[in-house]
Each structure stands twice: as C-alpha cells, then as structure tokens.
Amino acid sequence: MKKCLLISFGELLLKGKNRSIFENTLVKKIKETADKTGSYEFKKYRARYAVIAKTDDANLQELISRVKNIFGITVIFQGYIVSRDMDSIKKCVLEVAEKNSTFKIRSKRHDKSYPIKSFDLNREIGEFVLTGVPGTSVDVHNPEQVINIEIFENSVIVFTEAARGMGGLPYGTAGRVVSLFSGGIDSPVASWMMMKRGCEIIPVHFHTPPYTGEGSLLKVKDLIKHLATFAGKSVISYFVNFTTVQLAIKKCVPDKYVTVVSRRFMARIAEEIARSEKAKGIVTGEALAQVASQTLENMLCVDEVFGLTVLRPLVGLDKEEIVKKARQIGTYEISIRKEIDCCHLFVPKRPETKANIASVCNAEKKVLEELGTDWKYDFSAERID
Ligand code: ATP
Ligand code: MG
C-alpha cells in the first residue's frame, strides 16, 4: 500500500494536437515540485497523473499545498495504490473514510475483467464503512465524502478529494507578456489572471526616486516574489526610473493630461522592453471607469501608442471583486502596505476623463522637446523568486 496523489488536468483535455505540449509542461512542473518535498515516483493512470510516495513518511499535505499553486490542475485527490484483493482495498478505505460524515462509494473498473462489478463493490465497501467507521451514513446525492475506488490492470487506487486546483493553463504555455505593475491592488491581480491563462509575465514597474522610496520598490518586489510561487520559477522584472520623464510631463503638460501622457510614455517604454524580451502582449490592471483615467476615451489614447495586444483582464470587474481575488491569491495584504506610488504623486486634481488624442499629442510634443533627442530611460532588470 503506497500513499499517492492523483491529479486531474482541466482544460488540457480540450487542446487536441497541442495537448502533449501542455501536458508535458504540467508534468514537468509537478515532478519538479514533488522532488523538492520528498521522494516520489510518477505514473499516468488514464486521464489522471499519479505522484506515488516511495516512503511511508512522505508529507503529502506539504506536497498538496504546493501542487495547488500550479496552473492547469483542477482537482487533487489523495489516497493509496494497493493490490487488487478485497482485504487490501478495505484496509485503504479505512484509512481514507472520515468518521461522523455522510459518504458515497464510487467504484470504476477500468479493467472489465475484474471479477466484482462496480455496483457490487459499492455495496460491499459501503456496508464495510457503515459498520467499521463510527458515525457514518450513506448519502448518494449529496455526500460529504466521496470514496473512489478505481480498478486498473495491476492495481487499485482508493482516493478522496483533497483540494481544488486553480484550473487555467500551465504557466508559460501561452507565451510571454509584459505586465505594467504598479504595486497597487489591481495590477498584481491582472498579472495573476494572465499567468493563469498560461502567460509568462515580465513585470515592468515605473518608479520616481527620490519621490518614491526604497519601501515602495520593496513592496513591488514582494508582490512579484509572491507571484513567482505560482510561476514556479523566477520572474524577470524591470524597474524603470521614470523621474526625468515624470518631471518633464509635470512641467510641460496641462495638469488634466498628466496621467494620460504619463501612461503613454509608460506604454512606449513597456513596449520596447516587450520587444526585447520577445513578449507579445501588454497587461494592465485597468478596470473600466474605476477611476477618472480609465475611461474608454483615455484607454484609446494610451492604446494608440501600443503596437502590441493590450490585455486588460480586470476591465469588467468591480473593485470589490478585484479585492476578493487579491485576498484569495494572497497579494492583498502586500498591496495595501502604505507606500507612495509614482503615479499618485503626480496625479492631477481634475484629470481629463475624455482625453482627445490630438490635444494629448500636442502636449506630448513639448515633453519630447524638453527631454531632448538623445533621451534614454534608466532601468534595472532583476530575476525575482
Ligand atoms: P493598481 O492597483 O494596479 O495600482 P489603480 O487602480 O491604482 O491600479 P492606476 O494607478 O490608474 O490604477 O493604474 C492603472 C494601471 O496602470 C495599473 O493597473 C498598472 O497596470 C499601470 N500602472 C500604474 N502605475 C504604474 C507604475 N508605477 N508602474 C507600472 N505600471 C503602472
Ligand atoms: Mg496604482
């Protein structure tokens, strides 16, 4: 009797020819994660993937808490792999059955030559649980616990659900994107959502020293560090010194256009970084009409400078929904740390909500003159994990 996890891959089933690429990436991630916590062997059982402990003292709870963070997994089951005799099956069932709960036995014979039919196995094991595990009763419609027994050619797996995965697609399988990463509540959630859809993210953060301090940089790095736990690898991140540009904008642009023009400069720089990193899209944490700068007109004004697809995964969400997601994924507590964001310092009193491209371009010309022709931004790149 060996302890194991059985892992279900969600949407991968739908991927046709690409499926093997997605599956291999996911399997590699699971193996790497398991190898970090103990000694395991791996085997595919039909559509599910088994991680089998080589020793009895394997810490499956620790493994579950890590595997849960891998995108592409829908359900994680926990149980035992045993030989096909009834005594061994019953011994496992006693290990997994919960006391004082309603249950249902769900048997499946992948090997139809197994002499006991599923229906009979359900009944026999059901009765065994009722008499052997205190406080249990059967509920076939809405049980608190489903005990699965699956019969294969050489073994049987007895298992119950241990955790829900996050779904989505394996990290990196959908290509690279640059993420405009502010350190607020929204942009980490937006990044996470694109990571969940299989994108590898490259966060780009603009800061304005000395107006913003080390604390705000540290906060952004902590957020990226947290997201790296979902990536399962280090995340290349860019930190762009935006002070010269921001001051030029403040000096040359009518106050109401400061935010839109700042965003257009950020967009250009982000796009340059995206091209150098072979990223194919730009992610922002904007939600329509959440603040004055995020109207359709203003978005158009910024999109105009992008030559890449702009992805706004939060565009239709309310702030409350974004906060809920931020709490779920663990970024909220870091995001609300009180640090100065570069944009908030330069935010106009009355921002234009319906920016007109021609007027914005006019204002922008003055900034470009102020910066001079050989203007170049300073940045640093770091691998964060
Ligand atoms: P967030 O919570 O992500 O800061 P927000 O509601 O504060 O969002 P804005 O400050 O208007 O909204 O920013 C809108 C988007 O612009 C952000 O979600 C982010 O994608 C990008 N952005 C804003 N400030 C920065 C910055 N300093 N560095 C990089 N991107 C930024
Ligand atoms: Mg912000």
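For ligands, and for the atoms within them, numbers begin at 1 and follow the listed sequence.
Between P188 and ligand 1, not a single N/O pair is under 3.5 Å apart. In terms of polar-atom proximity, defined here as any N/O pair under 3.5 Å, T284 makes no such contact with ligand 1. At under 3.5 Å, not a single nitrogen or oxygen of M266, backbone or side chain, sits near a nitrogen or oxygen of ligand 1. The shortest N/O to N/O separation between V283 and ligand 1 does not fall below 3.5 Å. An N or O contact shorter than 3.5 Å links F206 to ligand 1 by distance.
Summarising the contacts of atom 11 (O) of ligand 1 with K319, R263, E286, the nearest heavy atom is found in R263.
R84 forms no cation-pi arrangement with Y114, by the criterion of a distance under 6.0 Å to the ring centre and an angle within 45° of the ring axis.
Judged as a side chain to side chain contact (heavy atoms under 4.5 Å, CB included), and not counting sequence neighbours, the contacts of K36 are R66. When the side chain to side chain contact (heavy atoms under 4.5 Å, CB included) test is applied to R268, the partners found at least two apart in sequence or on another chain are R264, F265, V305, E364.
The nearest pair of heavy atoms linking D385 to A228 is CA-CB, 4.0 Å.
Ring-centre distance between H205 and F181: not below the 6.0 Å cut-off. Separation of the F230 and H226 ring centroids falls under the 6.0 Å cut-off.
Contacts between V204 and ligand 1, counted as non-hydrogen atom pairs separated by less than 4.0 Å, involve the backbone only. At a heavy-atom cutoff of 4.0 Å, ligand 1 is contacted by no atom of F242, backbone or side chain.
Using modelled atom types and a 3.5 Å distance limit, the side chains of Y211 and Q246 yield no donor-acceptor pair.
Each of the atoms 2 (O) of ligand 1 lies under 4.0 Å from some heavy atom of I185. Those atoms of ligand 1 with a heavy atom of D186 less than 4.0 angstrom away are 1 (P), 2 (O), 3 (O), 5 (P), 6 (O), 8 (O). Numbered from 1 in the order shown, with element, the atoms of ligand 1 that lie under 4.0 Å from a heavy atom of G184 read 1 (P), 2 (O), 4 (O).
For the side chain to side chain contact (heavy atoms under 4.5 Å, CB included) criterion with E144, the lone passing option out of D139, T102, T136 is T102.
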